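As a basis for the values below, the full set of heavy atoms in this structure was taken, side chains included, without hydrogen atoms, waters or symmetry mates. Since the structure is predicted, the reported quantities are computational estimates derived from the model, not experimental observations.
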Amino acid sequence: MPKLFPITDFADPALDVYARLTENQLVNREDLSQGLFIAESPKVIERALNAGYAPVSFLMEPRHVETQARDILARCEQAPVYTAPLDVLKQLTGFPLTRGMLCAMRRQPLPAVEAVCAGAKRVAVLEDVMNPTNVGAIFRSAAALGIDTVLLTQACSDPLYRRAIRVSMGTVFQVPWTYLPREGWPQTLRALGFTTAAMALCDASLPIYAPQLKRTDRLAVVLGTEGDGLAESTIAACDCTVRIPMTHGVDSLNVAAASAVAFYQLALLAGLSETEG
């Protein structure tokens with residue numbers, strides 16, 4: 001049976017993780033082994049559990065304990081469960097809860113680039129994508145459209161921010177990811193056997209459906225930050241540039257939308273079929 005704790009005192013330190021700690025405080029950069037993140041909704045929490053993340057505590061409406069949270073709580077009997085009505089939870093957290101359920105979870109050590117790229121054929125590289133909504137959307141597209149790994153530069157938004165997790169529908173727990181070194185990462189990818197393709201508007205850019213991309217055994221598609229796109233130094237360091245052909249004078253898409261178009265086209269080139277997962 002789960003250990004239930006009805007909320008009677010908003011100042012309870014056990015609730016700090018939900019009510020008072022910022023996203024950056026949750027990360028705990030001074031001691032990453034003690035870092036936390038918040039997963040929201042039963043489906044997302046289940047995907048995190050399936051990926052091996054350990055729960056620290058739960059926060060939910062009492063009615064969910066024996067309904068949609070029942071199977072999850074049966075897997076996590078040692079984690080305390082804090083309960084309160086939805087209107088109280090909104091006062092506590094400052095935002096409405098999706099399906100009235102949150103879980104604080106322990107972070108895991110990030111793997112090395114070499115480890116997450118082992119066996120990968122198609123990799124997405126995010127350069128300084130700072131909006132967590134965009135990061136979450138890119139992960140969801142990556143999971144759906146055959147991208148094996150997502151690599152992020154150091155300035156990217158954290159994929160385990162609450163909003164990124166929620167927008168991704170928990171696919172941040174299904175697609176392997178890690179951060180790249182601050183310097184020389186195009187060379188790192190090249191040493192691992194990847195052809196690097198920068199998504200950029202250049203005279204020499206190939207269309208995303210170019211047959212040359214199909215003939216590439218290992219491809220890393222590099223997407224740039226909102227607004228400015230990729231740095232000129234990044235474009236110069238990549239093996240080629242690619243673009244999404246557009247009409248009506250439109251020269252760019254939101255990075256999340258661009259990623260979905262690019263990933264889908266690469267899936268077609270690779271001849272990927274639908275699979276369950």
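Under a hydrophobic-cluster definition in which Ile, Leu, Val, Met, Phe, Trp and Tyr are linked whenever side-chain heavy atoms come within less than 4.5 Å, directly or via other members, Leu152 and Leu189 are assigned to different clusters. Hydrophobic clustering (side-chain heavy atoms under 4.5 Å, transitive across Ile, Leu, Val, Met, Phe, Trp, Tyr) keeps Val242 apart from Ile235. Transitive grouping of hydrophobic side chains (ILVMFWY, heavy atoms separated by less than 4.5 Å) keeps Val261 and Val125 in distinct clusters. Both Ile147 and Leu145 are members of a single hydrophobic cluster when ILVMFWY side chains are connected at heavy-atom separations under 4.5 Å. Val172 and Val167 fall into different hydrophobic clusters, defined by Ile, Leu, Val, Met, Phe, Trp and Tyr side-chain heavy atoms under 4.5 Å apart, directly or through other members.
One N or O on the side chain of Ser168 and one on the backbone of Gly170 form a donor-acceptor pair closer than 3.5 Å. The backbone N or O of Pro207 sits nowhere less than 3.5 Å from a side-chain atom of Arg243 that would complete a donor-acceptor pair. Glu40 places no side-chain N or O within donor-acceptor distance of the main-chain N or O of Arg162, the cut-off being under 3.5 Å. One N or O on the side chain of Arg218 and one on the backbone of Leu192 form a donor-acceptor pair closer than 3.5 Å. Side-chain N or O atoms of Ser205 include one that pairs as donor or acceptor with a backbone N or O of Ala200 at under 3.5 Å. Judged by distance alone, the side chain of Thr149 and the main-chain N or O of Cys117 form no donor-acceptor pair under 3.5 Å. Side chain of Thr22 to main chain of Gln25: a donor-acceptor pair is present (N/O by atom type, distance under 3.5 Å, no hydrogens or angles). A donor-acceptor pair under 3.5 Å links the side-chain atoms of Glu226 to the main chain of Met130, judged by distance alone. Under a 3.5 Å cut-off, the side chain of Arg47 and the backbone N or O of Gln174 do not form any donor-acceptor pair. For the pair Thr153 (side chain) and Asp128 (backbone), a donor-acceptor distance under 3.5 Å is present.
Residues Val56 and Pro80 come closest through the heavy atom pair O-CD, 3.3 Å. For the pair Pro181 and Val113, the tightest heavy-atom approach, listed with the atom from each and the gap, is CD-CG2, 4.2 Å. Smallest separation of non-hydrogen atoms from Met101 and Ala69: CE-CB, 3.6 Å. Of all heavy-atom pairs spanning Val255 and Gly224, the tightest one is CG2-O, 3.4 Å. Across all their heavy atoms, Arg190 and Ala237 have their closest contact at NH2-O, 2.7 Å. The minimum heavy-atom distance between Pro111 and Thr178, with the atom names listed, is O-OG1, 2.7 Å.
The environment of Tyr209 atom OH is sparse: at most 12 non-hydrogen atoms of other residues, nucleotides or ligands sit within 6.0 angstrom. Surrounding NZ of Lys3 are more than 12 heavy atoms belonging to other residues, nucleotides or ligands, all under 6.0 Å away.
Using a 4.5 Å heavy-atom threshold, the side chains of Phe139 and Ser259 count as separate. Between Glu127 and Trp185, the closest side-chain pair of non-hydrogen atoms falls below 4.5 Å. Using a 4.5 Å heavy-atom cutoff, the side chains of Leu26 and Tyr161 are not in contact. Annotation: side chain of Arg107 is in contact with side chain of Leu160 (closest heavy-atom distance under 4.5 Å). Proximity of Phe58 to Ile72: side-chain heavy atoms (C-beta onward) are separated by under 4.5 Å at one or more points. Side chains of Tyr18 and Ile38 form a contact here, defined as non-hydrogen atoms less than 4.5 Å apart. Looking at Arg75 and Glu46, their side chains come closer than 4.5 Å, going by heavy atoms from C-beta outward. Looking at Asp148 and Pro176, their side chains never come closer than 4.5 Å, going by heavy atoms from C-beta outward.
Distance check: Met169 CE to Arg140 CZ gives 5.5 Å after rounding to the nearest 0.5 Å. Distance check: Leu89 CG to Glu61 CD gives 6.0 Å after rounding to the nearest 0.5 Å. Atom CD1 of Ile244 and atom OH of Tyr264 lie 13.5 Å apart (nearest 0.5 Å). Taken to the nearest 0.5 Å, the CD1 atom of Ile208 stands 11.0 Å off from the CG atom of Leu268. Ile165 CD1 to Thr171 OG1: the interatomic distance, rounded to the nearest 0.5 Å, is 10.5 Å. Considering CG of Leu36 and SG of Cys103, their distance stands at 10.0 Å, rounded to 0.5 Å.
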(message) Is there a side-chain contact (heavy atoms from CB on, under 4.5 Å) between Leu49 and Phe173? Walk through the geometry before answering.
(response) CA-CA 9 Å; Leu49 292 173; Phe173 307 120; over 6 Å; no

(message) Walk me through whether Leu59 and Ile7 qualify under side-chain contact (heavy atoms from CB on, under 4.5 Å).
(response) CA-CA 9 Å; Leu59 177 64; Ile7 295 174; 3.4 Å; yes

(message) Between Leu126 and Val150, does the side-chain contact (heavy atoms from CB on, under 4.5 Å) criterion hold? Intermediate values first, please.
(response) CA-CA 7 Å; Leu126 310 187; Val150 176; 4.1 Å; yes

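A search for side chain to side chain contact (heavy atoms under 4.5 Å, CB included) contacts involving Pro62 returns Thr83, not counting sequence neighbours.
Between Thr195 and the options Asp217, Leu219, Val221, a side-chain contact (heavy atoms from CB on, under 4.5 Å) holds for only Leu219.
Classified by interplanar angle (parallel below 30°, tilted 30° to 60°, perpendicular above 60°), the ring pair Tyr53/Phe37 is perpendicular.
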